[in-house]
Amino acid sequence: MQKDTGSGPSTPSGPTARLRRRRGSNEVPPEVDKGNGSHLLVNDHNKYKSMITRAYSSVWMIGGFALIIYMGHLYIWAMVVVIQIFMAKELFSLLRKTHEDSHLPGFRHLNWHFFFTAMLFVYGRILSQRLVNTVTMDKFLYKLVGRLIKYHMVTCYFLYIAGFMWFILSLKKKMYKYQFGQYAWTHMILIVVFTQSSFTVANIFEGIFWFLLPASLIVINDIAAYIFGFFFGKTPLIKLSPKKTWEGFIGASVTTMISAFVLANILGHFQWLTCPRKDLSTGWLHCDPGSLFKPEYFTVPEWFPEWFPWREISILPVQWHALCLGLFASIIAPFGGFFASGFKRAFKIKDFGDSIPGHGGITDRMDCQMVMAVFAYIYHQSFVVPQSLSIEMIMDQILVNLPFEDQRALYMKLGQIIMERQFGES
């Protein structure tokens, strides 16, 4: 959906205008609470200036995103980590009070201690199997990684306990309410940020396709909603976001559904995007794309007009799945943006930050993406991934959970069983 853009009149002085300010002057002017219809983009006199700024930033973001996609899985993961850090920074700042923080030296560092502890725990769980696959050929590294993985959970636990003790020892009289509020706020941020990012990273290593397609659909939906609302928006959609319109919502939904079907066909022809990454290397990928990415051919009915250029149409089965993703990106994911709009109104701010000209902060760009990433992972695991055990799945469990000596014993035992069966059959 199109994001609230433009700037209202300057805030008047006086007691009624004493809204809490943040760096970047993102506070919401009092006029924001006027009735629906007064802040539509079609009525905004500064809309063209805002559109140029927004378009310029979008071109840079899309170009950088395309470059990172080309570089591969590890670089995409690094991009996700950077986005997480910026999101956490913006959200941590939301409830901070300069006066209270001045009396609590080092208290801000506690937030980041919990943040990086959570990062170690989440990514250690997700990527441990792929790390093992990366160092399998080096006996020393294999043993070292095995030890790290074995004690990964207890390490993270004691890091968290260290932060917990740090928090208790930092408590100061008359500051208890503020400190416990910050403690609770930090944990809520960790849940929001790392829940969606864990699903995002899992999607990346299942195949860039399952990360790129959902993320692209949200971008397409956002741009289309902005354009349709910019030129045709007349009917307000929801009070939480006065500039969002039914025209933008419907136009974006149709555009997103068509884009999902077409884009899935384009992306599905590149093995670099469809092959899963089983390790943490950066080499080029080659794999059997599977039945989802092998075209099926349909003959065009005879009653089609002669000017229609194709007599036979090829469709990838994954395109039907893409329609489901497109439907979710059009109808459900925008509610992540509505939630963010309500959240910002509750704190009387216009944007979470000002790091992206014309768009606000990183969190403002990630509201719908967070909802979409979780759905894409659940959909992939429920309707795309085979539910039965495969040789690869069993091998991965053996490599991750059994030490080298046990793997060798298993190999010998399997060889003995196979030999006995062969002799029994003969």
Side-chain angles (χ1 to χ4, degrees), residues 67-85 112-163 190 193-194 197-211 271-288 377 380-381 385 389-416 418:
L67 177 62
I68 292 172
I69 292 295
Y70 176 78
M71 294 173 70
H73 302 70
L74 284 181
Y75 295 93
I76 301 173
W77 172 40
M79 177 189 69
V80 172
V81 171
V82 171
I83 289 174
Q84 282 183 297
I85 292 173
W112 291 108
H113 172 84
F114 285 123
F115 177 85
F116 287 109
T117 299
M119 180 178 289
L120 177 63
F121 176 76
V122 170
Y123 291 139
R125 304 265 306 171
I126 294 174
L127 301 178
S128 59
Q129 179 175 305
R130 291 172 174 84
L131 182 59
V132 169
N133 294 344
T134 306
V135 300
T136 301
M137 303 304 295
D138 190 307
K139 190 173 181 180
F140 172 75
L141 287 178
Y142 182 82
K143 287 185 176 181
L144 177 61
V145 169
R147 292 282 184 180
L148 292 175
I149 292 174
K150 181 178 180 180
Y151 299 111
H152 165 257
M153 187 173 291
V154 69
T155 301
C156 293
Y157 175 75
F158 278 106
L159 283 173
Y160 178 84
I161 289 299
L190 297 182
V193 171
F194 282 103
S197 63
S198 62
F199 290 114
T200 300
V201 173
N203 290 338
I204 293 169
F205 285 93
E206 288 290 344
I208 296 177
F209 178 94
W210 298 105
F211 161 77
Q271 287 193 14
W272 176 243
L273 301 177
T274 59
C275 291
R277 172 69 76 180
K278 297 297 184 182
D279 54 27
L280 298 180
S281 63
T282 56
W284 204 254
L285 286 172
H286 298 282
C287 67
D288 179 5
Y377 176 81
H380 180 265
Q381 294 297 314
V385 174
L389 289 174
S390 64
I391 295 176
E392 283 191 356
M393 294 171 63
I394 296 172
M395 286 294 295
D396 288 339
Q397 291 297 318
I398 291 172
L399 290 174
V400 171
N401 297 311
L402 293 182
F404 182 75
E405 292 76 12
D406 291 344
Q407 292 177 25
R408 179 182 292 176
L410 178 62
Y411 171 77
M412 299 296 293
K413 187 66 175 178
L414 281 174
Q416 182 181 349
I418 293 171

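All residue numbers in this chain count up from 1 along the given sequence.
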Return the CE to NZ distance between Met395 and Lys278, rounded to the nearest 0.5 Å.
12.0 Å
Pairwise side-chain contact, Phe205 with Leu280, heavy-atom cut-off 4.5 Å (strictly under)
yes
Shortest non-hydrogen contact from Val193 to Ser197?
O-OG, 3.0 Å
Looking at every non-hydrogen atom in both residues, tell me the closest pair between Ala202 and Tyr377 and how far apart they are.
CB-CE1, 3.5 Å
Could you measure the distance from the CG atom of Leu144 to the CG atom of Leu131? Nearest 0.5 Å is fine.
9.0 Å
Taken to the nearest 0.5 Å, the spacing of Lys413 NZ from Ile418 CD1 works out to 12.5 Å
To the nearest 0.5 Å, how far apart are CG in Leu148 and OG1 in Thr155?
8.0 Å
Assign the ring pair Trp272 / Trp284 to parallel, tilted or perpendicular, where the plane angle (0 to 90°) is split at 30° and 60°.
parallel
Ile68 to Met79 - nearest heavy-atom pair and separation
CD1-SD, 3.8 Å
Closest non-hydrogen atom pair, Ile69 against Ile76
CD1-CD1, 3.6 Å
Give me the atom names and distance for the closest heavy-atom approach of Thr282 to Arg277.
C-NH2, 3.8 Å
Identify, with sequence neighbours excluded, every residue that meets ring-ring contact (aromatic ring centres under 6.0 Å, His included) alongside Phe158.
none
Working for side-chain contact (heavy atoms from CB on, under 4.5 Å), residues Tyr70 and Ile208
CA-CA 10 Å; Tyr70 176 78; Ile208 296 177; over 6 Å; no
Can you give each donor-acceptor pair under 3.5 Å made by side-chain atoms of residues 115-125, sequence neighbours left out, with the distance rounded to 0.1 Å?
{"from": "Thr117", "atom 1": "OG1", "to": "His113", "atom 2": "O", "distance (Å)": "2.8"}
{"from": "Tyr123", "atom 1": "OH", "to": "Gln84", "atom 2": "OE1", "distance (Å)": "2.5"}
{"from": "Tyr123", "atom 1": "OH", "to": "Gln84", "atom 2": "NE2", "distance (Å)": "3.4"}

d(Asp279 CG, Leu127 CG) to nearest 0.5 Å is 11.5 Å
To the nearest 0.5 Å, tell me how far Ile398 CD1 sits from Leu414 CG.
7.0 Å
Tell me the closest heavy-atom pair linking Trp77 and Ile204, and the distance in Å.
N-CD1, 4.3 Å
Would you please name every residue forming a disulfide bond (SG atoms under 2.5 Å apart) with Cys156, sequence neighbours left out?
none
